[in-house]
There are 2 protein chains.
Amino acid sequence: MRKTKRAKLETAGWAVGSVTEFLGLSHAEAALIEMKLGLSRSLRERRQKCGLSQVQLAGRLRSSQSRVAKMEAGDPSVSMDLLVNSLLLLGATATDLAKAIRGGEKGKGRHAA
Amino acid sequence: MRKTKRAKLETAGWAVGSVTEFLGLSHAEAALIEMKLGLSRSLRERRQKCGLSQVQLAGRLRSSQSRVAKMEAGDPSVSMDLLVNSLLLLGATATDLAKAIRGGEKGKGRHAA
DNA sequence: GCACTGTATGTCATATCTGACATAGAGTCA
DNA sequence: TGACTCTATGTCAGATATGACATACAGTGC
């Protein structure tokens, strides 16, 4: 239930920007995936901005290069906990994460008025 | 690594508002816990606002009452994925989640140290 | 008192995630 | 060409989370 549909997404090509509900995902599933993708992108940006390779980041995280790659690829085997934790270790604040999360949001809501 | 220190927190009494780093948690660990607590609170509020019991919510989530209780209690065995997914199923938007996350944040704005 | 509802807490088999490893593709440099 | 770096992808044993269950506790109404 948690992996199957996301797997489909992976296979499907990932237009990501809004490529979700069209596969019959529930709003919740779609939103969750988009949030994770927002975090993935944010992680890669932050890592690069820090001038770190995946190997170096993996060292800091006490993880491995392959997992970092999967994180940045939005692999369905990566949990939100891991993404968030990694971002925090790179110095992201809760506000930064909030932005990354909303970054994955659809077209919703207006800005101010 | 992921559970041990949080377990300490649980045992410690949970003054939650800012009860974190004093135990020797890294910034990342502390922030992660606070974010989860923000989500926990948000989940309970939203559930109650919907007039649902834990049992009823568990039904919607295809989970169990005990897990809902643990979610709302901020139990360390509950992942962020589960919390977020649950909130989304209750109609929360990415923006709502962003707020809940930042709700657990310390010194919100700028300034360090 | 009892019965009922809502919530909390502990345990456990199974599902899922994680780090580590191997391997491969793409790019650079000499 | 080969050697090197960085990244991507697959696999797997071991760690962790999950749902289900039992049980307990507080409150309400009778």
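Each chain gets a letter, A, B and so on, in the order its sequence line appears, and its residues count up from 1.
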| Could you give the CD-to-P distance, from A/Gln54 to C/dA20, as a whole number of Å? | 15 Å
| query | In whole angstroms, how far is the P atom of D/dA8 from the CE atom of A/Met71? | reply | 12 Å
| query | With a 4.5 Å heavy-atom cut-off, do A/Val55 and A/Val68 have their side chains touching? | reply | no
| CA sep, side-chain torsions, deciding dist, call: A/Leu87, A/Asp96, side chain to side chain contact (heavy atoms under 4.5 Å, CB included) | CA-CA 9 Å; A/Leu87 278 162; A/Asp96 293 328; over 6 Å; no
Listed pairs, N/O of protein and of nucleotides 9-15 of chain D, under 3.5 Å:
residue: D/dG10; atom: N7; partner: A/Lys70; partner atom: NZ; Å: 3.0

| request: Rounded off to whole Å, could you give me the CG-to-P distance for the B/Asp81 and C/dT16 pair? | output: 13 Å
| said: I need the minimum non-hydrogen distance between B/Ala94 and A/Ile101, along with the two atoms involved. | reply: O-CG2, 3.9 Å
| Between B/Arg67, B/Arg46, B/Lys36, B/Arg47, which is the residue that forms a salt bridge (Lys or Arg N to Asp or Glu O under 4.0 Å) with B/Glu72? | B/Arg47
| task | Would you jot down, in residue-number order, the residues of residues 44-52 of chain B having a non-hydrogen atom under 4.0 Å from DNA chain C? | result | B/Arg44, B/Arg47
| Hey, does the side chain of A/Ser63 come within less than 4.0 Å of C/dG19's phosphate (OP1/OP2), counting only N and O? | yes
| query | Closer than 4.0 Å, any side-chain N/O of B/Ser79 to the OP1 or OP2 of D/dT18? | reply | yes
| field | Nearest-nucleotide pick for A/Val55, side chain only, options being C/dG19, C/dA8, D/dT7 | value | D/dT7
| Hey, does B/Ser53 reach any base, or is it just sugar-phosphate, or nothing, if we go heavy atoms under 4.0 Å? | sugar-phosphate
| task | Specify the separation, in whole Å, of atom CE of A/Met80 and atom P of C/dT18. | result | 13 Å
| Do B/Thr95 and B/Lys99 pass the side chain to side chain contact (heavy atoms under 4.5 Å, CB included) test, and can you show the C-alpha distance, the side-chain angles, and the key distance before you say yes or no? | CA-CA 6 Å; B/Thr95 302; B/Lys99 280 180 200 160; 4.2 Å; yes
| query | Which whole-number value in Å describes the distance from A/Leu61 CG to C/dT18 P? | reply | 12 Å
| Closest heavy-atom contact between A/His27 and B/Leu88? | CD2-O, 4.5 Å
| query | Where is the tightest heavy-atom contact between B/Ala58 and B/Ser64, given as atom of each residue plus distance? | reply | CB-C, 3.3 Å
| Checking side chain to side chain contact (heavy atoms under 4.5 Å, CB included) for the pair A/Leu43/A/Leu57: CA distance, chi angles, key distance, verdict? | CA-CA 10 Å; A/Leu43 178 64; A/Leu57 176 54; 4.2 Å; yes
| query | Among B/Ser79, B/Ser66, B/Ser86, whose side chain to side chain contact (heavy atoms under 4.5 Å, CB included) with B/Met71 holds? | reply | B/Ser86
| query | To the nearest Å, how far apart are B/Leu57 CG and C/dT5 C1'? | reply | 16 Å
| message | So if I take every side-chain heavy atom of A/Val78 and compare against D/dA8, C/dT18, C/dT7, which nucleotide ends up nearest? | response | C/dT18
